[in-house]
Amino acid sequence: MTTTSTPAVAGWFTTGDDPRLVASRCTTCGTLVFPPPPPEAASFCRNPACDGETHEPAELSRTGRVWSYTDAQYQPPAPYVPTTDPFEPFALAAVELPEGLVVLGQVAAGYGVADLAVGAEAELVVETLYADESGERTIWRWKPVVELGEEADQ
Amino acid sequence: MSTAVAVAGVGMHPWGKWGRPFVEYGVHAARAALADSGVAWSDVDFVVGGETVRNGYAGYVAGSTFASALGWNGARIATSYAACATGAQALDTARARILAGLSEVALVVGADTTPKGFLAPNAGERWTDPDWLRFRLLGMTNPAYFALYARRRMDLYGATSEDFAQVKVKNAKHGLENPYARYRKEVSVGDVLGSAIVSDPLHLLDICATSDGAAAVVLTSLDYARKHGLVDPVRVEAVSTVTPTFPNTVIDMPLLATDHAAGGAPERTFKESIAQAAYEEAGIGPDDVDVAEVYDLSTALELDWIEDLGLCKRGEAEVLLRAGDTTIGGRIPVNPSGGLACFGEAVPAQALAQVCELTWQLRGQATGRQVDGARVGITANQGLFGHGSSVLLAR
């Protein structure tokens with residue numbers, strides 16, 4: 001039996017050893033947008049000073065700084081797909097990337113708010129969000145980067 | 001040319017979980033506002049309804065629904081939707097028609113009947129709708145967004161959970177005598193800190209509930225007010241319904257990311273620009289403000305708004321709070337109505353409820369919660385998807 005593992009949403013992030021978020025970049029002015037619009041959709045540049053309408057995929061930096069963070073201690077309502085019963089809380093973080101965007105994400109499994117601080121470094125990982133009839137569906141998550149020295153304390 | 005219009009009358013239906021159709025609340029509030037104004041329904045030539053999205057077709061055409069329920073009088077109608085900022089947009093629509101000389105008397109009504117629990121998106125799969133995707137992909141609820149802002153205050157400015165709890169304590173006290181408030185009970189810091197954490201660092205009592213309720217405002221031209229003996233009415237001096245200016249660098253509910261700020265952050269955040277536009281339109285500054293009603297979806301968010309309104313510098317709202325400056329009797333009372341902490345949110349009615357409260361405050365009629373000598377008041381609020389909302393009132 002083979003287990004398939006596909007992104008829960010297509011075209012928003014790459015997988016593998018060095019996963020990245022994929023933004024769309026305006027080919028006229030370079031403005032980035034995440035999440036990227038669907039490939040078949042018209043894309044009007046968000047920059048009010050630009051009338052660009054063509055865009056290309058652009059991978060974003062894998063690491064950034066935590067802008068803020070929280071958690072969900074109660075099960076969110078549908079269309080959230082619960083994976084455990086009873087519900088297990090998970091953490092969420094907004095991470096500022098060097099390109100100049102802040103991107104929300106769940107925090108990697110096994111980490112909670114106690115592992116986070118505003119300004120701390122976090123890196124992108126890809127983990128399973130839920131499973132459906134096509135197999136496991138993956139999502140990007142933010143993983144705290146434990147700095148040398150702190151690691152020894154844990 | 002003056003851009004002011006008169007607030008001839010205001011009215012509300014008490015907030016609660018009454019389980020009645022929203023139309024009943026809306027008509028109740030509208031009739032109260034008309035009675036308060038002394039203006040006959042037959043004189044109203046424009047009705048603006050605040051749309052409610054969870055009450056079927058009648059909610060989508062709220063202007064028509066209220067006009068019909070009051071008895072067709074031939075008035076023109078409009079319906080506004082701007083999420084939490086719906087009331088301000090409806091008010092602005094009415095004001096614009098009056099200032100254009102196309103209407104003399106406008107009735108603005110917002111009412112809602114709300115579901116239990118977290119506000120969730122409508123059913124169905126919508127892979128291009130950010131409000132659907134944030135739940136599906138991240139499990140990102142409204143309180144989780146409020147919690148991100150709260151956590152930033154803690155890590156950047158040294159706010160504490162006790163500070164947030166004190167906002168609730170203050171607002172609970174403010175709302176005790178407000179006959180329209182849903183929760184009229186004193187709350188202690190211990191009550192807040194002892195309530196369950198919903199999204200760290202926010203406790204259940206830091207987060208506002210959703211409520212049924214309705215608010216209505218009768219606006220007239222200053223000319224009409226003069227001719228009909230309305231002496232020294234409260235005036236709407238400005239309505240700000242501005243959108244963000246690119247790049248919006250503070251993550252906004254329900255989005256998954258900010259705009260791309262290649263050249264750094266702009267001079268003002270979106271929320272700062274909302275109040276700034278109101279001040280500029282009115283030619284009134286933050287130093288002139290005597291009282292504010294702000295959108296305390298969470299306790300911590302009230303502190304953000306105080307700074308966004310320019311009532312103190314960034315990072316200093318806790319100083320005001322701790323000194324009692326934002327309590328009735330203090331330098332700049334905030335949410336004398338009790339705020340969302342005492343009301344819970346009735347989306348299309350809420351921005352109008354803020355205007356009702358400030359009208360009573362500026363008239364000296366806010367029994368049991370009066371801010372002495374208040375002459376200038378400002379509201380602040382923000383709706384999903386870039387809807388600013390700030391109303392400046394003066395007398």
Side-chain angles (χ1 to χ4, degrees), chain A residues 8-10 12 21 23 25-26 29-35 37-38 41 46-49 66-82 89-97 99-106 112-114 116-120 129-130 137 139-141, chain B residues 115 117-156 196-204 245-251 253-265:
Chain A
V9 56
W12 289 21
L21 294 172
R25 178 166 50 212
C26 173
C29 77
T31 291
L32 296 164
V33 173
F34 183 87
R46 299 270 181 87
N47 175 359
V66 173
W67 185 85
S68 194
Y69 56 95
T70 181
D71 60 12
Q73 301 212 3
Y74 288 84
Q75 181 175 304
Y80 175 77
V81 181
F90 59 89
L92 293 147
V95 172
E96 185 164 16
L97 297 173
E99 288 84 355
L101 292 89
V102 177
V103 181
L104 278 176
Q106 292 184 348
V113 291
L116 297 158
V118 170
L129 179 62
Y130 56 82
R137 308 304 300 267
I139 196 71
W140 79 90
R141 284 183 173 154
Chain B
F118 286 129
L119 286 181
N122 294 332
E125 291 217 354
R126 293 188 307 281
W127 287 91
T128 55
D129 174 2
D131 195 40
W132 187 88
L133 286 164
R134 59 146 165 160
F135 285 94
R136 179 60 155 236
L137 298 179
L138 302 183
M140 192 77 199
T141 60
N142 294 6
Y145 284 91
F146 311 153
L148 291 178
Y149 310 136
R151 171 54 65 182
R152 254 181 98 73
R153 292 203 71 83
M154 298 177 103
D155 281 21
L156 295 183
I197 294 178
V198 175
S199 275
D200 180 276
L202 296 178
H203 295 76
L204 186 62
T245 300
F246 181 89
N248 188 359
T249 55
V250 178
I251 194 148
M253 186 167 81
L255 304 180
L256 304 187
T258 62
D259 286 338
H260 176 204

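In the text below, chain A, chain B and the rest are named by the order of the sequence lines, each starting its count at 1. Note that the coordinates shown come from a computational prediction; the quantities given were computed from them, not determined experimentally.
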(request) Measure distances from B:S199 to the heavy atoms of chain A and classify the residue's part below 4.5 Å as side chain, backbone, both or neither. (result) both
(message) Looking at every heavy atom in both B:F135 and A:P79, which two are closest together, and how far apart are they?
(response) CB-CD, 3.6 Å
Which one of [options] has the most heavy-atom pairs closer than 4.5 Å to chain B?
options	value
A:V66, A:V95, A:I139	A:I139
A:R141, A:R137, A:Q106	A:Q106
A:A94, A:P48, A:A49, A:G112	A:P48
A:V103, A:N47, A:V102	A:V102

(message) Quick check: do A:Y74 and B:T141 have side-chain heavy atoms less than 4.5 Å from each other?
(response) no
For the atom pair [atom1] ([X]) and [atom2] ([Y]), what is the distance rounded to the nearest 0.5 Å?
X	Y	atom1	atom2	value
A:L104	B:M253	CG	CE	12.0 Å
B:H260	A:E99	NE2	CD	7.0 Å
B:L138	A:L129	CG	CG	8.0 Å
A:L101	B:T258	CG	OG1	5.0 Å
A:T70	B:Y149	OG1	OH	12.0 Å
B:L256	A:W140	CG	CH2	5.5 Å

So, does [X] use its side chain to make a donor-acceptor pair with the main chain of [Y] at under 3.5 Å?
X	Y	value
A:S68	B:R151	no
B:D200	A:D71	no
B:R152	A:W67	yes

(message) Report which part of A:A78 has an atom under 4.5 Å of a heavy atom belonging to chain B: side chain, backbone, both, or neither.
(response) backbone
(message) Only pairs of heavy atoms separated by less than 4.5 Å count here; which of B:L202, B:D259, B:I251, B:L137 has the most with chain A?
(response) B:L137
